[in-house]
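Structure record follows, encoded as structure tokens.
Just the heavy atoms: all of them, side chains too, but no hydrogens, waters or symmetry mates, feed the values below.
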Amino acid sequence: MASLLVHDDNGDRTVPLLGSITIGRHSKNKVVLHASGISKQHAVIRCLDKTYVYEDLNSSNGSHINEIRFSKHTLVDGDVISIGHVRLTFQDSSVMDDISRLVTFDQFDAESTQYQERIELTQVERFLPEREVADLSMLRVDYEKLRMGNELLQSIGTERNLKTLLDSISSQLIRMFMADRCVILLLNAANEFEAKSVQSMDAMDGPIAVSQSVLKEVQSSKSAVLLSDAAQNDYGQESSLMMMGIQSVMCSPIIHESKVIGAVHVDLRNGQGSFTKKDLQLLGGIVTYIAMAVINAGLSRKIEQEAKMQAQFERLLSPSVVKQLVAGKIKLDKSGETRHVTIMFADIRGFTRMSQKATPKAVVFMLNQYFERVVNIIFKYGGTVDKFIGDEVMVLFGAPIPMDHQEDAALACALEIQQMLKQWNLERHAKKKGMIPVGIGINSGEVVVGSIGSSQTMQYTCVGNAVNIASRLTGLAKAGEVVASKDTMQGVHAKTKCEALSPANIKGLDGKLQAYLVKAIAQSDSYHTTS
């Protein structure tokens, strides 16, 4: 079941998400928050076909993820939403249910627990040179560690999916040590062990018991430990292991750069024999390879995400800017930040009617030709393609890279696009092809820019009322026109030729908006970005 962890001045509490719930200051809400910055009806979380969607109900102070304000967001496990100074953490238990139900955590009496063998992993990380090994049996043990470690790495290959990787490792450990069960646990953000993989040689007749006391011991001592059941203790009582149905257990921390990141638990059930000191030595050597595999899986995922991000910027930024990004000369702040940006929308007029008269293939071909020409002009003036929305393109000037005279660049870019279309439409008319009429709207203002999306897909974009106004201005622009707001015109440095339009009512804006029909701008090199 999914739940919402609420953290406010009253502490932490968990609210199960049974259907849709409302959030706000009013007592009728399912989640009542008595804090500043919270509206009476602040937000709602709706359950739509096992997917949970958070929607801000036009609250005064809004809802934020990573300081980025949003109105609607599909929740994924671990999302943290801030409203005022209250934090809401979405927890999707279905992500872990299949694994967590297979493990129970029991508590040993720490004082009475006797460890049969113990190996400090800091002493087994280094393999001694052959000439320094006096004991031939230890040389054999070290060789076996290397052989088993190599076999383990070969079996997992270059697997990047963490769940698949850990399941493969668990299966290998069961085979290597002829164990009955194996549990691999990783530490979460709260420094608690979470079972990530559970494997058994035979069909499981119940959950595997893992001792919290033993996990705490291996974490604090950074040692691998071995326990075996002695049937009864000095007082004739059954041991903790026997009550858990275990004959022998080995538990080792997974360590990376001197930091414990997880643990491995392997056991033999009652009547199946016991592990030996040699087994513990081998496990202590193998966990080094497990740590490498876990860290590499995380790094591979990070590299893959960064590669996707770079590929995205290569499509959206001018080549000269991408070169600087790759060279490290420009750093992009991937977190949210407030920035003064100029936003431009270019929209094809009558596109729906136009597309109905042509085949889908012809429509896509035409759009690709159109966007190819438009994007080349956008890059010329240092603009960033935020997104393509059907036949419309949204462009940013001043983000992600700050630029001087961004308003000038936006107007010059828009006018050149219209000039290009004028010439291209003449060519299309000569070939008896339809015209491509475009209206362009431009606005400037404070917005929040950053990478927005889910854990699986992110996009660098901007949100804010200034974006909405730019979009509305595009609706005012007729074919061949460039319409800019007063805020944009006030930031222009070059001489322009423009005409004031009648103040218009804009949805989402109090009062009427003054806009201008821009006809010309004096050319300048100050805002050009040449590739």
Side-chain angles (χ1 to χ4, degrees), residues 103-126 135-145 148-149 152 169-170 172-185 193 195 198-201 207-255 260 262-291:
V103 176
T104 60
F105 291 98
D106 290 334
Q107 191 76 18
F108 282 7
D109 182 352
E111 294 184 359
S112 63
T113 301
Q114 299 293 322
Y115 297 103
Q116 182 179 336
E117 299 289 350
R118 178 191 297 271
I119 296 176
E120 293 185 26
L121 294 193
T122 53
Q123 298 178 1
V124 300
E125 289 179 351
R126 177 173 175 262
D135 188 345
L136 184 60
S137 63
M138 287 306 300
L139 184 62
R140 291 182 178 276
V141 170
D142 281 350
Y143 168 78
E144 191 65 5
K145 291 177 190 174
M148 293 173 70
L152 179 70
I169 292 174
S170 297
Q172 281 290 100
L173 291 178
I174 287 175
R175 188 184 64 79
M176 288 176 176
F177 293 104
M178 291 184 288
D180 283 318
R181 289 97 57 95
C182 177
V183 180
I184 298 181
L185 311 101
F193 283 101
V198 177
Q199 296 289 316
S200 176
M201 178 174 288
I208 299 174
V210 177
S211 167
Q212 288 276 27
S213 303
V214 174
L215 290 174
K216 184 177 180 180
E217 173 63 24
V218 300
Q219 182 181 10
S220 60
S221 67
K222 297 182 179 179
S223 298
V225 298
L226 165 63
L227 297 90
S228 291
D229 176 46
Q232 293 183 330
N233 61 20
D234 294 339
Y235 301 98
Q237 298 172 324
E238 287 185 329
S239 70
S240 298
L241 280 179
M242 175 171 282
M243 289 188 289
M244 294 166 64
I246 299 174
Q247 181 78 32
S248 184
V249 60
M250 293 190 296
C251 189
S252 172
I254 303 173
I255 300 175
V260 175
V264 175
H265 166 108
V266 290
D267 68 32
L268 291 166
R269 288 182 285 187
N270 289 335
Q272 301 301 312
S274 298
F275 294 118
T276 65
K277 181 178 181 179
K278 180 182 177 182
D279 292 327
L280 188 64
Q281 290 172 330
L282 293 175
L283 179 61
I286 290 174
V287 290
T288 303
Y289 298 95
I290 297 175

So do [Y] and [X] actually touch side chain to side chain, heavy atoms under 4.5 Å?
| X | Y | value |
| --- | --- | --- |
| L283 | F275 | no |
| R181 | I246 | yes |
| V249 | V214 | no |
| L282 | F177 | yes |
| V266 | I174 | no |
| I208 | H265 | yes |
| V103 | F193 | no |
| V287 | P253 | no |

Tell me, please, which residues at least two apart from T276 pass side chain to side chain donor-acceptor pair (under 3.5 Å).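 Side chain to side chain donor-acceptor pair (under 3.5 Å) list for T276, sorted by chain: D279.
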Take V264 and I286 through the side-chain contact (heavy atoms from CB on, under 4.5 Å) test and state the conclusion after the steps. CA-CA 10 Å; V264 175; I286 290 174; over 6 Å; no
Could you tell me the separation between the [atom1] atom of [X] and the [atom2] atom of [Y], rounded to the nearest 0.5 Å?
| X | Y | atom1 | atom2 | answer |
| --- | --- | --- | --- | --- |
| Q281 | L226 | CD | CG | 11.0 Å |
| M201 | R269 | CE | CZ | 9.5 Å |
| D267 | S200 | CG | OG | 8.5 Å |
| M176 | L173 | CE | CG | 6.5 Å |
| S221 | I119 | OG | CD1 | 11.5 Å |

Provide the closest heavy-atom pair for [X] versus [Y] in the form atom of the first, atom of the second, distance.
| X | Y | value |
| --- | --- | --- |
| K277 | E117 | CD-OE1, 3.7 Å |
| L268 | G273 | CD1-O, 3.7 Å |
| Q219 | V260 | O-CG2, 3.7 Å |
| S170 | I184 | OG-CD1, 3.3 Å |

Sequence neighbours left out, what pairs pass salt bridge (Lys or Arg N to Asp or Glu O under 4.0 Å) with at least one residue falling in residues 209-220? R118-E217
Stepwise side-chain contact (heavy atoms from CB on, under 4.5 Å) test for C251 and L215: CA-CA 8 Å; C251 189; L215 290 174; 3.9 Å; yes
